[in-house]
There are 2 protein chains.
Amino acid sequence: MSLKLDKIDRKILEILQSDGRITNAQLSKEIGLSPAPTLERVKKLEQSGIIKSYHAKLDTAKINLGVSTFVQVTLRGHNKENIEEFLKEINTIEEVIECHHITGSGDFILKIMAKDIASYQKLMLEKVSDIKVVDSLQSLVILSTFKDSKVLPIPN
Amino acid sequence: MSLKLDKIDRKILEILQSDGRITNAQLSKEIGLSPAPTLERVKKLEQSGIIKSYHAKLDTAKINLGVSTFVQVTLRGHNKENIEEFLKEINTIEEVIECHHITGSGDFILKIMAKDIASYQKLMLEKVSDIKVVDSLQSLVILSTFKDSKVLPIPN
DNA sequence: TATTTTTGCCAAATAATCTTCCGAAACACT
DNA sequence: AGTGTTTCGGAAGATTATTTGGCAAAAATA
């Protein structure tokens, strides 16, 4: 299973990142190959795990998700047990879209989405603050998003 | 153009978020409708802008993107000109994956991805710090990501 | 309540696409 | 040059997408 990406592979990845539902026929045209080898390359990229999955991106405003925030979380101690306890709880909250372990002042940073301020407050009070190992929370409310690219730059 | 989502629409959105390349035939089975009305609903969701786009999600480690960070940015003054100047510059940097205007201590928060610490440092020094209206930067390096859901909870 | 209109659904037919197979060409390494 | 490996392209069958027409239930109108 080749983990070496040539120019064509990178082009495929770039195109599939920006249009995940392109047909194989059209993709093959854009990269200048016939459909068969194009599909073979895509399949290899999928099987090797380089392409993990495909997703539809929704308009958050139109589905009534008006409030997005980043939340910096500090735990009551940084031992393994506390971290695992925290992650276990966090994974059950579907409004928590992302959870990253970070360096710096806090221990974790979360991205959270909710319908409005009221439901956000309720969510934080009843679910997040409620986690025993959580010490402090600092919320950064997103006023507007200017860039949310789904196309990562591929080095090499 | 109906902006009202019934139970079936929400199910469709949920499925397409977690599997953006599902076939219409299979989608129709999972929601219990025949292919024709299923496709009609998906098309409506696309045309109304509720579904904005489809994207492949890549394995960042496997494409050599080893360093991800959140960067809190403070501008040299919060007037419209400075903000627009900042956004113009930011949009030209492909390593900046996200850019959000936020409340709180900083003015903006960025998500940045790079190959390694060296290229990250170079990027920050040569491109980000270099923007005239940028006052201060605080980087939070992501040690590991425990959740990165592409499925948003849909209220109502 | 009766009629019209609208909406949403299904089934079937056609067009487009995917997928596989195999031979040919390009490439790398002796 | 020769051998082995990889990559490509074309053709065929299988799958899927898309369109069409028509039916039935719900909503609107009178």
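Just so you know, these numbers use all the heavy atoms, side chains as well, and skip hydrogens, waters and symmetry mates. Sequence lines set the chain letters: A, B, ... in the order given, protein chains first and strands last, and positions in each chain run from 1.
Rounded to an integer number of Å, the gap from CD of A:Glu40 to P of D:dG10 is 15 Å. In this structure, A:Asp6 places its CG atom 15 Å from P of D:dT6, rounding to the nearest Å. Protein atom CG of A:Leu27 is 13 Å distant from nucleotide atom P of C:dT17, rounded to whole Å. Nucleotide C:dT19 holds its P atom 11 Å from the CD atom of A:Gln47, rounded to whole Å. Remark: C1' of C:dG8 and CG of B:Leu5 are 16 Å apart, rounded to the nearest angstrom. For A:Ile31 and D:dT7, the CD1 to P distance is 13 Å, given to the nearest whole Å.
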### Task
At under 4.0 Å between heavy atoms, which parts of nucleotides 16-27 of chain D does protein reach? Answer with one letter per nucleotide, 5' to 3': B base, S sugar-phosphate only, - none.
SSSB--------
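Note on residues 133-156 of chain B: no pairs pass ring-ring contact (aromatic ring centres under 6.0 Å, His included), not counting sequence neighbours.
Under the salt bridge (Lys or Arg N to Asp or Glu O under 4.0 Å) criterion, A:Asp148 pairs with A:Lys150, sequence neighbours left out. Not counting sequence neighbours, the partners of B:Glu85 by the side chain to side chain contact (heavy atoms under 4.5 Å, CB included) test are B:Lys88, B:Glu89, B:Val133. When the salt bridge (Lys or Arg N to Asp or Glu O under 4.0 Å) test is applied to B:Asp116, no partner is found at least two apart in sequence or on another chain. Residues that satisfy the side chain to side chain contact (heavy atoms under 4.5 Å, CB included) test with A:Ser136, not counting sequence neighbours, are A:Thr74.
Considering only the side chain of B:Lys44, C:dG8 comes nearest among C:dG8, C:dC10, D:dC8.
Aromatic pair B:Tyr54/A:Tyr54: centroids not less than 6.0 angstrom apart.
Neither OP1 nor OP2 of C:dG8 sits under 4.0 Å from any side-chain N or O of B:Arg41.
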